[in-house]
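Input: a single structure, listed below in structure tokens.
Just so you know, these numbers use all the heavy atoms, side chains as well, and skip hydrogens, waters and symmetry mates. Predicted model only: the values in this text are computed from it and were never measured.
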Amino acid sequence: MARDEQLKERWDLVVKKLSNQFADGETLDLDAIIYLIGVQELGQIGMTFKKDQKLDLMHIAICKLLKPYGYYELDFVDDEGWPHYKALATLPHLKAGEQSVLMKEAIVNYFLETEYID
């Protein structure tokens with residue numbers, strides 16, 4: 001199977017499983033999935049977050065997702081349990097479609113690693 005086809009199948013599986021689990025079957029978009037990963041990484045499930053905290057959660061997720069690619073590393077976890085990452089490399093300039101593919105690939109790899117999908 002071609003790499004692109006495999007990524008698409010796995011991405012569709014992630015979207016379907018998460019949408020069923022967290023959105024009563026309504027299709028979650030990329031940003032919503034990134035947000036969910038941020039909540040998972042924070043480990044404070046069930047909390048209500050303010051708007052700026054939601055952006056911070058998405059930042060946590062993006063750093064976690066791009067860590068295996070060498071762009072970030074975990075620096076420390078603060079007293080409230082929030083992880084902080086430091087940038088190791090500058091992200092390349094990618095077109096919107098390329099950014100989307102990179103994030104989808106990183107998300108699929110995250111859920112393969114956590115054994116949410118196989």
Kindly indicate whether the side chain of [X], heavy atoms from C-beta on, has any atom under 4.5 Å from the side chain of [Y].
X	Y	result
K51	K54	no
L88	Y71	no
D75	Y85	no
N109	E113	no
K95	Q99	no

Review point. Using a distance-only test with no angle check, is there a side-chain donor-acceptor pair under 3.5 angstrom linking Q40 and Y35?
Key: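 No donor-acceptor contact under 3.5 Å links the two side chains.
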
Review point. Does the side chain of Y110 come under 3.5 Å of the side chain of E105 through a donor N or O and an acceptor N or O?
Key: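 There is no such pair (donor and acceptor under 3.5 Å, judged by atom type) between the side chains of Y110 and E105.
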
Nearest-0.5 Å distance, [atom1] of residue [X] to [atom2] of residue [Y]:
X	Y	atom1	atom2	answer
F49	L57	CZ	CG	5.0 Å
L7	K104	CG	NZ	8.0 Å
D118	L112	CG	CG	8.0 Å
F111	I117	CZ	CD1	8.5 Å
R10	I107	CZ	CD1	14.5 Å

Review point. Are K16 and D12 ion-paired here, with the side-chain N under 4.0 Å from a carboxylate O?
Key: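 So K16 does not pair with D12 through a salt bridge.
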
Check your understanding: Is K67 salt-bridged to E73, cutoff N-O under 4.0 Å?
Key ->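 Judged by the 4.0 Å cut-off on N to carboxylate O distance, K67 and E73 do not form a salt bridge.
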
Are [Y] and [X] linked, directly or through intermediate hydrophobic residues, by side-chain heavy-atom contacts shorter than 4.5 Å (ILVMFWY only)?
X	Y	value
Y72	Y69	yes
L55	M47	no
F76	I60	no
L30	L13	yes

Practice item. Kindly determine whether L36 and L28 satisfy side chain to side chain contact (heavy atoms under 4.5 Å, CB included), including the steps that lead there. Key: CA-CA 10 Å; L36 286 174; L28 293 174; 3.6 Å; yes

What pair of heavy atoms forms the shortest contact from [X] to [Y], and how long is it?
X	Y	answer
G81	Q44	CA-NE2, 4.5 Å
G70	A89	O-CB, 3.9 Å
L66	M103	CD2-SD, 4.1 Å

Exercise for review: Before giving the answer on side chain to side chain contact (heavy atoms under 4.5 Å, CB included), spell out for W82 and V77 the whole-Å C-alpha distance, their side-chain angles and the decisive distance to 0.1 Å.
Suggested key: CA-CA 5 Å; W82 287 74; V77 177; 5.9 Å; no

Review point. Can K17 be said to sit on top of Y116's aromatic six-ring, NZ or CZ under 6.0 Å from centre and within 45° of the ring axis?
Key: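 Yes, K17 and Y116 form such a contact.
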
Check your understanding: Are the side chain of Q53 and the backbone N or O of K50 linked by a donor-acceptor pair below 3.5 Å?
Key -> yes

Review point. Can you tell me if CG on D78 sees more than 12 non-hydrogen neighbours from other groups inside 6.0 Å?
Key: yes

Practice item. Decide yes or no on side chain to side chain contact (heavy atoms under 4.5 Å, CB included) for W11 and I33, but give the supporting numbers first. Key: CA-CA 11 Å; W11 172 252; I33 292 171; 3.7 Å; yes

Check your understanding: Which is it for D31 and M58 under the side chain to side chain contact (heavy atoms under 4.5 Å, CB included) test, yes or no, and what are the steps along the way?
Key -> CA-CA 8 Å; D31 288 341; M58 292 180 79; 3.7 Å; yes

